[in-house]
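A note on names: the letters A, B, ... follow the listed sequences, proteins ahead of strands, and every chain is numbered from 1.
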Amino acid sequence: MLFSSTVFLYIFLPLVLFFNFIVFKKSRMLQNINLLFASLFFYAWGEPKYVLVMIASIFANWFFGLMISKKRQNEKLCRFFIVLDVIFNLGVLFVFKYLSFTGNIIESLFGVDLPIPNIALPIGISFFTFQAMSYVFDVYRQKGEVQTNILYVGLYISLFPQLIAGPIVRYETIADEIKNRKETLDDFFDGFARFVVGLSKKVLLANSFAVLADQSFDAVKNGDNISVMFGWLGAIAYTLQIFFDFSGYSDMAIGLGKMFGFHFLENFDYPYISISITEFWRRWHMSLGTWFRDYLYFPLGGSRCGRARNIFNLFIVWFLTGLWHGANFTFIVWGMMYFVLLVAEKLTGLHKKKGRVINIFKWMYTILFVVLGWVIFRAESMGDALNYLGSMFGLTGNTFADGMFTGWFKQNVILLIIGFVLSTPVFRIISQKTKNSNVMGFAKAGGLICLFVLSAASLVSSSYNPFIYFNF
Amino acid sequence: MRKFNKNSLLFVFAIIFVIAGLWGNCIDQLRWKVVDLAAGIKQGNIQSIFDFKKNVEEISDKMLSYHDLMVDTNSAKENLLGTRVVDKEETLVVKSYSGTLVGNFQENFSDEEISALASGINDRRNLSEKNGAKYIYCSVPEKSFYDGIPENVTSYNLSNLERLSDRLSKEDITYIDFYNEFKDQSIFDVFFNTDHHWNPKSGFKATGILLDKLKSDYGFEYNSEYADIENYTVTTYKNHFLGSYGKKVGTYFTWYGLDDFDLIIPKFETKMTEKHQNEKERTGKFEDTVLFLDHMKKDPYTVNTYGTYSGGDFRLQVMKNELNPDGKKILLIRDSFSCVVAPFLALQASELHIIDDREGDYPAGEMVDIAKYIEKEKFDYVIEIKK
């Protein structure tokens, strides 16, 4: 089930809210059971078979967490269970996500014919697997109380707001809230407002940019020689699509969590205003970045080691960051691109240089690589990626501009302007400056009502509504 | 005193909005589906769970009380944003420069494809003449011939037609290019705004052009009074019809809104019969037989008003003019453009047999073997009207 669907908006969410806040309002235990079963139902709606994979993950991680908690005095045994937990979780991820990819590589390298099964990827497996590992790691690090009740572990891992598209909620963030959360009316209403903002970003903006981006990327995939400007237009459209889609989903997740009394950390902080790649990764998909930082980079030694070792640690993290996004060389190359840029910034100190003019240059270089990175990320193969990039720089014998560019640009110019503006924190600044103004408060509520209606209208019209996390 | 949280207004509005959408048919349907699911589970029928899921999604997508209003709202939003191209349900709908909805864009046909088309038409001509029927092929005009379309959409429809026309004239096939006949008229006069079809008045005019051609080439005698619009009552239903493209993109995707719809009924006496597929034969006046007035109910997103004429598309349909028993027997091989031609053509014949031979599942029903049908029925004329 998707948040951006009529069945979620009109049936699932109202029912879950009704049961949580009306029927079970006097019992935290029943509320948690309701949320757990609602979350499993939410997942099973789209993945009826693979909900069993998630249930197996819940059992395994509950067991490992329990064992670590019981054997805390025996450090060796604890580490053994951690290793087992990692093997289990990454094993599941490997089988469903990377087996086919690995098999194809082996076949290409060694010329053998392997019987590679065609296994479908359960939606959200990368998210809930990392979340499940976070539970066991945080129990080991004593950053959160072990849950002896498997239902609560299940609730943490499968909680529907963040289940299929993040953010990756660390166990320590909400450990206490599982049993001791306090729902307030302000949180509830503010959470719902946040949900509507996210829904609008996804349905009104991301989906529209998707139509445009698909045109150019599909054209290249089909062998068309697109013009330079059309290539740039499609790349920029995808840059905006992925931001509004992903941050929109995060907004919906954070908003829904808040309604139920859970306070997730922010996942996006206007990444396209970044003036360095270092800064970009402190603003983009922060939950993934901090997950890798805390559970991989720091245990490897982080930057508290020699330069060579530090670079090696960064290489591991960025290789895996790329690989996490999908089983394709495009994602690995994308991750490696950021590795090279981050190391370059570290070595030159570029990201620390200040000055108005230099900041403009830094922003331009950052956004350029971000856009080019998204081209690689979006392409279905490295061949398509290189063709697309070649088109953007006129290296394919293509024209500078053509009817495809002119036509699509004219039809999307208003949306592009809106997209550019909303990629900046202008509304946040206005909101903060006017937070005590009653008039602005009512205007904001009115604006959100309009966005809600327009989003519902778009969903009811069965407008184009792609789900881009199928690789995750 | 606690500060009033203005986001509460949003939530209250949302609750009312959701309840209003579910109220009525939606809730009833959901109730029935839950009952069906419970019954299915009780019988151990796992498939009932998957059916339930599909049904619930369909109900929430299509049966909200304000479904049509939401589609209209979305269409207005798209219009304001400047959207001109929508790809929906495997149909590309484009807003032309003059603001009308256009679709059905063809790739550039190869010479072999044009030859194959011409060859097929030639075979049909030969088959008809072999069975004693005179043959004529007619190509209908298309909206993309008349108006500019955005630069990011390509259309080879007109050039494909011109190449086909050349081939047909080389094969010496009696042919009407209706685009030539309607070329000097405005797109708004010939077609609906929200649909790809020509309007009833154009269909009536096309029938007249066809009859003139049959007369000039084959000596076909027809009743000129029946071909004069003055002998018909034309009732215009304003803002009445949402065409197939409009249904996909919404009423306000163009600012023209709903189309007007003309109901053309003879003033003179008529007595006809109509039968299609396995349905019961209808007998009576023109408007009770070859018109299907239940399609005139105003329900833009549900009813196909265009199907008022001929009832829509059927694999096989027969219209008879009881007042012209000595008239000619005609076979019309058609696509949907003939809906607004067939009723007026039927007045000029004793029998008009209509076959829709389009490939695929539409229209529903068994495909008619045209060769066998022509051999069996012994027509005087075989007319083919196609896009």
Considering only heavy atoms, which portion of [X] lies under 4.5 Å from any heavy atom of chain B: side chain, backbone, both, or neither?
| X | answer |
| --- | --- |
| A:I449 | both |
| A:F405 | neither |
| A:V453 | both |
| A:N412 | neither |

Could you tell me if the side chain of [Y] sits less than 4.5 Å from the side chain of [X], heavy atoms only?
| X | Y | result |
| --- | --- | --- |
| B:V85 | A:W408 | yes |
| B:E151 | A:K410 | yes |
| A:V460 | B:N74 | no |
| B:S8 | A:F188 | no |
| B:M70 | A:S458 | no |

Whether over 12 other heavy atoms sit under 6.0 Å from [X] [atom1]:
| X | atom1 | answer |
| --- | --- | --- |
| A:F21 | CZ | yes |
| B:K298 | NZ | yes |
| A:F427 | CZ | no |
| A:F37 | CZ | no |
| B:Y156 | OH | no |
| B:Y301 | OH | yes |
| B:Y252 | OH | no |
| B:K387 | NZ | yes |

[atom1]/[X] to [atom2]/[Y] distance, rounded to the nearest 0.5 angstrom?
| X | Y | atom1 | atom2 | value |
| --- | --- | --- | --- | --- |
| A:L459 | B:D61 | CG | CG | 8.5 Å |
| B:N5 | A:D186 | CG | CG | 4.5 Å |
| A:S461 | B:F253 | OG | CZ | 11.5 Å |
| B:K77 | A:S455 | NZ | OG | 8.0 Å |

Mind running side chain to side chain contact (heavy atoms under 4.5 Å, CB included) on A:N438 and B:K6 for me, showing each step along the way?
CA-CA 9 Å; A:N438 250 344; B:K6 294 169 190 63; 2.8 Å; yes

As an exercise: rank [options] by heavy-atom pairs under 4.5 Å with chain A and give me the winner.
| options | answer |
| --- | --- |
| B:A14, B:S75, B:A76 | B:A14 |
| B:L64, B:T154, B:T83, B:V249 | B:L64 |
| B:L69, B:L9, B:I59, B:V18 | B:V18 |

Answer with yes or no whether the side chains of B:N152 and A:Q411 bring together a donor and an acceptor at under 3.5 Å.
yes

Quick one: do the A:K444 and B:N7 side chains pair a donor with an acceptor below 3.5 Å?
no

With chain B, which of A:A456, A:A445, A:G446, A:G441 has the greatest number of heavy-atom pairs at distances under 4.5 Å?
A:G441

When only pairs under 4.5 Å are counted, which of A:T406, A:L454, A:V211, A:D190 shares the most heavy-atom pairs with chain B?
A:D190

Engaged part of [X] at the chain A interface, taking heavy atoms whose separation is under 4.5 Å:
| X | answer |
| --- | --- |
| B:L10 | both |
| B:F11 | both |
| B:L30 | side chain |

Relative to the ring of B:F17, is the ring of A:Y10 parallel (under 30°), tilted (30 to 60°) or perpendicular (over 60°)?
tilted

Between B:K53 (side chain only) and A:W45 (backbone N and O only), is there a donor and an acceptor less than 3.5 Å apart?
yes

Could you pull out the closest heavy-atom pair between B:V56 and A:I11, with the gap in Å?
CG1-CD1, 3.7 Å

